[in-house]
Amino acid sequence: MADKKELRFFFLPEYEEEEEYLCDMAKKGYLFEKVTLPGIYHFRKSEPTNMIYRIDFNPQKKEDRESYLQMFKDYGWEYIQDLNEFSYFCKLDDGTDDEIFNDNESRIEMMERINKRKMIPLVAIFLCIIIPQVMRMIIGGNYTDPVSIGFYIMWIVLMFMYIVLITRCTAGFNRLRKKYDVK
Amino acid sequence: MDAHIKKVYVPMTETGFYILFCLQEEMHGYNIGLKVKDMTNGDLTISPGTMYGTLSKMENDNLISFVKEEDKRKSYIITELGKEVLEIELKRIERLYRNSKGE
């Protein structure tokens, strides 16, 4: 049988769903090779395998990179790749130590890192660029030529995409906070 | 000790406590994990994401300081501020223990 490619999209707070997806694929005999934008997952055909995949988010300075990866290596995790500053690791399931976090405090800290580094810029773009632009166009009045109308529609679509994105991410982060029970 | 340090580190997580306790001697992350496993008869395993995150956070907050990097492994040691925090935690845990024993 052949290798496989699948298109999947996981929102910022959905890294646990993504891990589960990769583990399930391995159980079906498709080992995760790499993921490329906009969300194409490449798999290699093999025997059904109990492979565990974990995703960490801990962007560091370039000079700290090697010691970061070495730490995971010492613990038996194989590094696969980075995408959007998320780091992908895998390990054969040997029945022990299948987590990269051992308490909820550190799970929450990772989530807050994602929130701060990825979510806040998203909201900033929405509030400082998209909203003012749409407002200006609405106030600006009559558009008759096709180019202007095209731009008009593009910005409106963009605005709705951001609304969906931000709503879904906020809900996801709240769900995680509840799950890990932040005080 | 400023309010931020108190808020974050008093009381500490079990993981945080053991890491800081071990760093009274210079050590790198993976070895801390092994030592903690040994000290707790295998009950407490510190995972790499937690270990790396805690060490970076403690270094940023000046509880520990970076000593050297050897074979891509970074060693740390406790600072004066770290010792203060550890002292507060030890007293708290001792009191907890005394009270629970009813002594």
Any donor-acceptor pair under 3.5 Å linking the side chain of B/Tyr30 with the backbone of A/Lys73?
no
What's the spacing between A/Met71 CE and B/Lys72 NZ if we round to 0.5 Å?
14.0 Å
Once you round to the nearest 0.5 Å, how far does OG1 of B/Thr13 lie from CG of A/Asn102?
8.5 Å
What residue, out of B/Gly53, B/Gly16, B/Ser47, B/Gly49, has the most heavy-atom pairs lying under 4.5 Å from chain A?
B/Ser47
Output the distance between atom CZ (A/Arg113) and atom OG (B/Ser56), rounded to the nearest 0.5 Å.
7.5 Å
Hydrophobic cluster membership, A/Tyr152 vs A/Met135, 4.5 Å side-chain cutoff:
yes
Hydrophobic clusters here meaning ILVMFWY residues chained together by side-chain heavy-atom distances under 4.5 Å, can you tell me if A/Leu127 and A/Leu122 are in one?
yes
Using a 6.0 Å cut-off, check whether atom CD of A/Glu78 has over 12 heavy atoms from anything other than its own residue.
no
When rounded to the nearest 0.5 Å, the distance separating CD of A/Gln70 from NZ of B/Lys74 is 13.0 Å
Carefully, step by step, assess A/Phe101 and B/Thr15 under the rule side-chain contact (heavy atoms from CB on, under 4.5 Å).
CA-CA 11 Å; A/Phe101 297 108; B/Thr15 304; over 6 Å; no
Between A/Ile120 and A/Leu165, is there a shared hydrophobic cluster once you connect ILVMFWY residues whose side-chain heavy atoms come closer than 4.5 Å?
no
Quick check: are there more than 12 heavy atoms from other residues, nucleotides or ligands sitting under 6.0 Å from NZ of B/Lys35?
yes
If one checks every heavy atom of A/Glu66 against chain B at 4.5 Å, the contacting part turns out to be both
Checking A/Asp74 against chain B: side chain, backbone, both or neither under 4.5 Å from a heavy atom?
both
Chain A contact via B/Thr45 - which portion, at a heavy-atom distance below 4.5 Å:
both
Between B/Thr50 and A/Ser106, which heavy-atom pair has the shortest distance, and what is it?
OG1-OG, 2.8 Å
CE (A/Met161) with more than 12 external heavy atoms under 6.0 Å:
no
Path from A/Leu7 to A/Tyr88 over hydrophobic side-chain contacts below 4.5 Å:
no
Other residues, nucleotides, ligands: >12 heavy atoms within 6.0 Å of B/Gln24 CD:
yes
Closest non-hydrogen contact found for B/Pro48 with A/Tyr75 is CB-CD1, 3.5 Å
Heavy atoms from other residues, nucleotides or ligands near CZ of B/Phe66 exceed 12 (cutoff 6.0 Å)
yes
Checking A/Ser67 against B/Glu69 for the side-chain contact (heavy atoms from CB on, under 4.5 Å) test, could you report, in this order, the C-alpha distance in whole Å, the side-chain angles of both residues, the deciding distance, and whether it holds?
CA-CA 8 Å; A/Ser67 62; B/Glu69 184 168 335; 4.2 Å; yes
So NZ of B/Lys57 and CD of A/Glu109: to nearest 0.5 Å the spacing works out to 3.5 Å
Of A/Ile100, A/Asp64, A/Leu69, which meets side-chain contact (heavy atoms from CB on, under 4.5 Å) against B/Tyr52?
A/Asp64
Measuring heavy-atom distances to chain B, does A/Asp103 have an atom under 4.5 Å in its side chain, in its backbone, in both, or in neither?
both
Same hydrophobic cluster for A/Phe9 and A/Leu12, using side-chain heavy-atom links shorter than 4.5 Å among ILVMFWY?
yes
